[in-house]
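Residue numbers count from 1 along this sequence.
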Amino acid sequence: MQKVIRSAVAPVEEAAGVQVFVDSTGRRKRLLAVLGFFVALFAAIYIGVVGASVVQAADSGLSTKASVSTSATASASASASSSSS
């Protein structure tokens with residue numbers, strides 16, 4: 001008696017006629033289309049918000065130099081020296 005060892009890979013002629021995932025109702029396609037629409041809508045809104053904030057930040061006149069008030073520094077050092085005495 002001879003044992004037949006089957007291959008893990010199906011022969012080409014067997015795999016060609018067998019469909020594994022068949023959706024004859026179209027329900028999966030509609031679900032994925034609706035889900036894809038909402039994901040795309042969320043992405044478009046998010047990109048719009050980020051773009052608007054970048055444009056708004058450019059118009060706000062942000063300064064790159066820090067300004068230090070000398071009166072606040074003098075009063076802070078005076079209060080620090082009086083509390084340590």
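Between R30 and T25, the shortest heavy-atom distance links the atoms NH1-O, 3.7 Å.
Transitive grouping of hydrophobic side chains (ILVMFWY, heavy atoms separated by less than 4.5 Å) keeps V50 and I47 in distinct clusters.
Within the model, atoms CZ of F42 and CD1 of I45 stand 8.5 Å from one another, a figure rounded to the nearest 0.5 Å.
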